[in-house]
Protein chains: 2
Amino acid sequence: MTTRTTSRTPLSRERVMTTAVELADRAGLEALTMRNLAHELGVEAMSLYYHVTNKEAILDGIVDTVMGEINERVTMVTPPASPADWKRALRERILTAREVLLRHRWGPEVIESRTNVSLETMKYFDGVLAVLRAGGFDYDLAHHAMHALGSRALGFTQELFEPEDPGTDDPETMEMLALMAADFPYLVGMMSEIAHDDPGSTLGWCDDQTEFVFGLDLILDGLDRLIGTSGK
Amino acid sequence: MTTRTTSRTPLSRERVMTTAVELADRAGLEALTMRNLAHELGVEAMSLYYHVTNKEAILDGIVDTVMGEINERVTMVTPPASPADWKRALRERILTAREVLLRHRWGPEVIESRTNVSLETMKYFDGVLAVLRAGGFDYDLAHHAMHALGSRALGFTQELFEPEDPGTDDPETMEMLALMAADFPYLVGMMSEIAHDDPGSTLGWCDDQTEFVFGLDLILDGLDRLIGTSGK
DNA sequence: ACCTGAACACCGTTCAAGT
DNA sequence: ACCTGAACACCGTTCAAGT
């Protein structure tokens with residue numbers, strides 16, 4: 001309870017990283033400042049620079065940390081039992097990565113911002129490649145596959161366009177929809193039909209999961225069809 | 001030539017946005033600060049706040065500007081001549097959007113950071129939906145399709161993992177590869193084989209274009225197969 | 001109506017100095 | 001070896017004041 005015991009534990013690169021992850025998890029990425037992080041560690045901001053070259057290094061480090069967490073979990077996925085089993089194995093790996101990233105919501109943003117690749121990230125992709133090779137992909141097709149998956153290989157997609165759920169019971173948003181209908185007939189058509197069929201379907205994480213899996217399976221099935229084909 | 005004529009042109013929201021786009025194009029997103037932008041307009045930073053509520057509004061504005069540019073170009077794509085023609089039309093639209101975004105490299109990053117959807121973005125997606133509907137998609141499948149495409153619908157994917165091209169003639173990187181081979185056998189295998197088959201294949205925009213189109217076609221073909229199917 | 005100077009609260013970071 | 005105080009160069013932004 002005393003601040004002394006806490007601040008007694010000597011600072012270390014390790015402790016900086018794990019505390020940074022905790023801070024970002026709890027308070028969001030914008031709260032991860034050098035001063036905040038130092039305060040969390042019971043130390044002054046400038047002390048961090050003794051253990052870490054700069055903030056970029058911290059961001060590199062926390063990406064490596066979560067990728068390490070993913071790699072730990074992903075080794076528990078049973079490897080492909082046969083070449084035809086590659087799809088199941090990769091699917092499970094990717095959905096496992098997604099689970100970890102859902103506990104670190106800042107993950108995608110920071111991962112995308114990195115310019116240096118982390119060792120744990122390389123390890124993850126090496127594992128992806130291993131599964132593809134086991135499934136009969138030559139390196140060329142495997143290369144294409146990794147690009148086709150993009151960030152989906154890591155379990156996330158950046159949603160660009162997440163319009164509000166049109167709560168059909170709210171008269172104000174209905175009025176809004178009517179106004180928009182003139183300019184965006186298809187968008188309004190889709191939103192109202194989907195809201196009608198399954199109210200609340202565009203809400204929250206549950207639905208995103210469905211969409212993620214839909215897109216993932218579409219790509220995996222597409223790739224499956226290309227194995228052994230000479231045409232790319 | 002005199003600064004007077006330049007600074008004579010009265011400031012306006014419009015002029016702020018177009019200058020912001022120019023500045024970001026020329027000097028990168030990190031150069032787009034209120035002070036820099038004001039200087040570019042021959043004015044003090046605080047003057048901007050008279051025409052624009054804050055920096056977020058500027059970012060919203062420049063996204064709207066490039067999306068407007070995309071919409072302008074995309075209307076020139078010939079609409080689907082028949083339902084079966086949907087794929088060609090959508091493909092052309094998306095590749096057109098990509099061309100515009102390649103002239104505004106900051107586009108993807110800023111687009112992804114937006115929380116308010118812009119009108120021009122809605123217009124773009126309305127156009128995408130129009131093509132899908134013309135191709136026989138019901139709204140439910142069209143909705144899935146948009147999620148499956150994700151940022152690809154706008155012509156970009158964020159590359160997470162762009163290892164350096166292993167210049168096979170550089171002995172230093174070859175040594176590095178040998179060291180990595182123990183930990184990442186598949187990654188190194190792929191990199192060396194692809195470098196061998198087609199040296200420089202992972203370099204530059206040309207290759208990214210190939211990969212983008214590969215992934216796009218994979219998804220479009222996958223979707224094509226689902227039209228009219230009751231199973232999602 | 002339109003623009004500005006001075007000031008504020010925040011950043012990341014350097015450097016000489018403390019123990 | 002490890003940590004810190006003071007300071008610097010930058011942010012975005014507010015507000016009262018100028019024309």
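All of these numbers come straight from a predicted model, not from anything done at the bench. Here is the naming used below: chain letters follow the sequence lines, and residue numbers restart at 1 for every chain.
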Among the nucleotides [options], which one has an atom lying closest to any side-chain atom of [X]?
X       : options               : result
A:Lys55 : D:dG5, C:dG12, D:dC3  : C:dG12
B:Val43 : D:dT13, C:dC3, C:dG12 : C:dC3
B:Tyr50 : C:dG5, D:dT13, C:dC3  : C:dC3
A:Arg35 : D:dG5, C:dT13, C:dA1  : C:dT13

Rounded to the nearest Å, what distance is computed from the [atom1] atom of residue [X] to the [atom2] atom of nucleotide [N]?
X       : N      : atom1 : atom2 : value
B:Glu44 : D:dT13 : CD    : P     : 17 Å
A:Leu48 : C:dC11 : CG    : P     : 13 Å
B:Leu37 : D:dT13 : CG    : C1'   : 15 Å
A:His39 : D:dT4  : NE2   : P     : 13 Å

Regarding A:Ser47, tell me which of base, sugar-phosphate or nothing describes its non-hydrogen contacts under 4.0 Å with the strands shown.
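It contacts base atoms.
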Mind running side-chain contact (heavy atoms from CB on, under 4.5 Å) on B:Val100 and B:Glu72 for me, showing each step along the way?
CA-CA 10 Å; B:Val100 173; B:Glu72 207 177 320; over 6 Å; no
Which atoms of nucleotides 14-19 of chain C (N or O only) lie under 3.5 Å from a protein N or O atom, and what are those distances?
none

When you compare the side chain of A:Leu216 with that of A:Arg91, does any pair of heavy atoms fall below 4.5 Å?
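The answer is yes, as the side chains (C-beta and beyond) meet within the 4.5 Å cut-off.
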Test A:Ile70 against A:Leu101 for side-chain contact (heavy atoms from CB on, under 4.5 Å), laying out the working first.
CA-CA 8 Å; A:Ile70 287 175; A:Leu101 251 19; 4.1 Å; yes
Taking only N and O in the side chain of A:His51, is any of them less than 4.0 Å away from OP1 or OP2 of D:dA1?
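Answer is no, no contact under 4.0 Å.
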